[in-house]
There are 2 protein chains.
Amino acid sequence: MPDKVEFNRTPRTKETVPSNPGITSHTKRYEQVAAQIAGQIEQGALRPGQKVPSLQRIHKQFGVSLSTAIRAYSLMEKEGLLECRPQSGFYVTPRPPAPPQPAPKVHKASRVEMGSFNKGELFEIRAMVEKELLRPDSEVLHLGTIELNPDLLPLAALQKSTAAGPRRVGPKGYLYNWPPGDLSLRRQLARHYLDRGLSLSANDFLTTTGCTEGIQLCLDAVAKPGDLIAVESPSCVWSQVFIQRKGLKALEIPTLPHKGMDLDFLEKSLRRHKVKACLSIPSFHNPTGSLMPEANKRRLVEMLAARDIPLIENDINGDLSFGGAPAKPAKAFDKKGLVLLCSSFSKTLATGLRVGWVTPGKFYGEIKLNKILGTMSCNTFTESSVGHFMEQGLYRRFLAKARKFYAANLQAFLGALPRFFPRGTRVHRPQGGLTLWVEFPKGVDSFRLCREAMAEKILVLPGPFMSSQGKFKNCIRITYGYPWSERVEKALETVGRLAKEQLSGQK
Amino acid sequence: MPDKVEFNRTPRTKETVPSNPGITSHTKRYEQVAAQIAGQIEQGALRPGQKVPSLQRIHKQFGVSLSTAIRAYSLMEKEGLLECRPQSGFYVTPRPPAPPQPAPKVHKASRVEMGSFNKGELFEIRAMVEKELLRPDSEVLHLGTIELNPDLLPLAALQKSTAAGPRRVGPKGYLYNWPPGDLSLRRQLARHYLDRGLSLSANDFLTTTGCTEGIQLCLDAVAKPGDLIAVESPSCVWSQVFIQRKGLKALEIPTLPHKGMDLDFLEKSLRRHKVKACLSIPSFHNPTGSLMPEANKRRLVEMLAARDIPLIENDINGDLSFGGAPAKPAKAFDKKGLVLLCSSFSKTLATGLRVGWVTPGKFYGEIKLNKILGTMSCNTFTESSVGHFMEQGLYRRFLAKARKFYAANLQAFLGALPRFFPRGTRVHRPQGGLTLWVEFPKGVDSFRLCREAMAEKILVLPGPFMSSQGKFKNCIRITYGYPWSERVEKALETVGRLAKEQLSGQK
């Protein structure tokens, strides 16, 4: 087996890049302009670091108003494709050569299946991964589960807010903190989402023990066992776990690079199936890292609302945008109280805070009651501590630092993959979040890869974890929370070698 | 209607007091001696404050060894019936005249029914109670839900432990605190239970978000929807809620005064029904306050173990004993890992800590996994803070104070009830815990009483909340967490008046 197989760096042909996959009758003019210029960047006509045509030129070239040109560039800046240099103009965001993205596939009609998460090989691997995660003082590098950069933790400031909690809250800190939870935190959450283009009041939030409790409360409120839930394919492990634990069925909706859920496909599926709810990660999808464009978010919300179908928006990565502007949640387009946004601080600030929230919309009463019947109340001090931390502007400052770090770290990962991974590997280019979705050439068995990597003290997640139908056998999820290091580089090299060995063994 | 109806103070006749309701072939000789002397106290032959026969006399009179006599008196001391005055002897514990206890009933064969918690009048009242509980700044006196005496809260010490948490735990306080949870707390729990006659190691515990999460995790581990759970009748609201939410069926087992679950009845039921698990509160049962004698606990554990049936032991009141000695948990008799003890600090130290624990026994792996899939991890700081608080001996000191307070407060409540409640009312005399189970004469409708009391800003819980079959329509639960005050006295008077009005209206 050759040791150094060149990664496939041939530029993407027209066939593999859809001209405008997300453009439909719902798309606005400025979004069409943005999509065309994005296409030029994608195809290499505009290179990283290169200056893009001036607003004046766009105005003339596309025959659009100057304000439309400005909105197009603002959108692209938000999506991380352009950056604005003061008194100079807009430039293509510089990035190192990255592995090619997967080609969008022609998706067949949707198929409904009960999950396979508790069966056969997937179950065995799951048990192995779980065992590893709970091992204290493990020497395994957790390259597939989400780990935050420990150096980012604003320890001193958090400690100060935490330690001040008892005196700030007083005796009521030791009494039931009945839902909807600590008011000071909910006020800060409302303020925070305003920056992301979502206008809500403190009373629209209900706190939960992490995002996981929130999603489960939402599923309980909107669906009962046997009901059908539309969910991205692939989608995060927790989506699979919850759908299966609750006896629900998953309707897998394919995802498109840089678009998230394929809305045309969803629309067709809604006509064929009685979908009870949609569970989606529109902002920095896990595992692909895609940011669903605002126009698509609006279309998603409207499409579901027209059928009175609730949307559970998993927004846990929503703050981890790498572009210039924050990502507007789909909830911002909600007019009927049907969008239930769930999130927490576990993928940004710290995994162990267990401070999450839900915007229960029209399901407020039911979710509040179910929260009480489940874990009753949340921890007052922690909620109040995080509220205090936010109040001082420290969360906003922290986020700016975290976004910068993960965006740069991602580039290191993306730059390394072509060196190590087999030719023909395709990797989604995340617009935010913490996960990388790697599609190896058919023939790579991710279960075997996961087992063999574990033997070399590396944990990656096999693709079938991300599908209720056990799809994506040739895929793995990698995360880039760990700061780039020689150890991480070696681990990626090992994973690449193991994949190559599988492919060469089949020749 | 007369304003002052005398409470029924006629001494209990032989018919209403069973000679030895709990004595079976399993009962030891010293327990028989204790039961006989207890019977004399119960019937007024030995009065509160009176000296009981010397050990020598018991030795001769009953023809038992001196050590058996000592064990009998020790048991009665433990149960709060006797007190030992140094260099003087044993005396009947002084207490104000209390209302009579209910007569044990002849229980018919067990009947299995799906719960009625979500139907009809019970549902309406439940909604009213829930609404009231979540109202901020309510003026209603919560005389039916469990409230702790706020003056007992060791605020300064807790604040000190909480505030010191961040620095003591360091950065790992902000990371996932994977099950089984904080080691320092689990070590303290093991030490604590040693004082209660239960020998476990830190590794036998797994922390949970309160006792409620623990019980739900246990139910999930041992039963699936449709399975039959044996549970006391009456039993705490949460037992009903969890059994119904999980689609389980309840097999109601009657309770006996000062004995808890009727084990003869349980034994017969186990022969007739396929019981999947038993959910019980052996120590200071909610709502009756009964302490199941140690011999019965052993019998319960052995009876279930012989059939491989897990026992979920709700021990949340276990530390609130009013007798001389701590109550040994049923878990102490577990030889097969089939007893899953669940508890928390919510009914002792503070309701809002959300620090609970489970001893998952042979279900350890499954419960650990389900904890992760549910709320993932608990809050590190709070767990570590409580661990710190216990380590300094502060929890033990706090408990001594709390037990003394609630025991005295209970006497104030018991003394007042005969003055206000209608003739024929019977009240269980709690041996610990925080709840009083009041049986009004038939004819009192507790739903109506609950509604009318609420109109007068008093919340009591109607009996059918405590039964999955909606039994106990003439009963209410009262709690004595609030320190005795004129307001509490007035509230009891009002509740009594409302009950009397119902009875007189029917004449």
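So that the names make sense, note that chain A is the first sequence line, chain B the second, and so on, each numbered from 1. Scope of the values below: all heavy atoms of this structure, side chains included, with no hydrogens, waters or symmetry mates.
Chain B forms more heavy-atom pairs under 4.5 Å with one residue of G210(A), G356(A), P171(A) than with any other, namely P171(A).
The neighbour count for R135(B) CZ, taken as heavy atoms of other residues, nucleotides or ligands under 6.0 Å away, is above 12.
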Please output the side-chain donor-acceptor pairs of residues 151-165 of chain A that fall under 3.5 Å, not counting sequence neighbours, one pair per line with the distance.
{"from": "Q159(A)", "atom 1": "NE2", "to": "P166(B)", "atom 2": "O", "distance (Å)": "2.9"}
{"from": "S161(A)", "atom 1": "OG", "to": "H388(A)", "atom 2": "ND1", "distance (Å)": "2.8"}
{"from": "T162(A)", "atom 1": "OG1", "to": "L158(A)", "atom 2": "O", "distance (Å)": "2.7"}
{"from": "T162(A)", "atom 1": "OG1", "to": "Y174(B)", "atom 2": "OH", "distance (Å)": "3.1"}

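Note that OH of Y176(A) and CG of L148(B) are 7.5 Å apart. Values are rounded to the nearest 0.5 Å. Between the CZ atom in R245(A) and the CG atom in D220(B) there is a gap of 6.5 Å [rounded to 0.5 Å].
Proximity to chain B (any heavy atom under 4.5 Å) is restricted, for R354(A), to the side chain, taken from C-beta onward.
Using a 4.5 Å heavy-atom cut-off against chain A, the contacting residues of residues 345-353 of chain B are S346(B), K347(B), A350(B), T351(B), G352(B), L353(B). Residues of residues 376-384 of chain A that come closer than 4.5 Å to chain B, counting heavy atoms only, are M376(A), S377(A), C378(A), N379(A), F381(A), T382(A), ordered by residue number. Using non-hydrogen atoms only and a strict 4.5 Å limit, the part of residues 362-375 of chain B facing chain A consists of K368(B), L369(B), N370(B), I372(B), L373(B), G374(B), T375(B).
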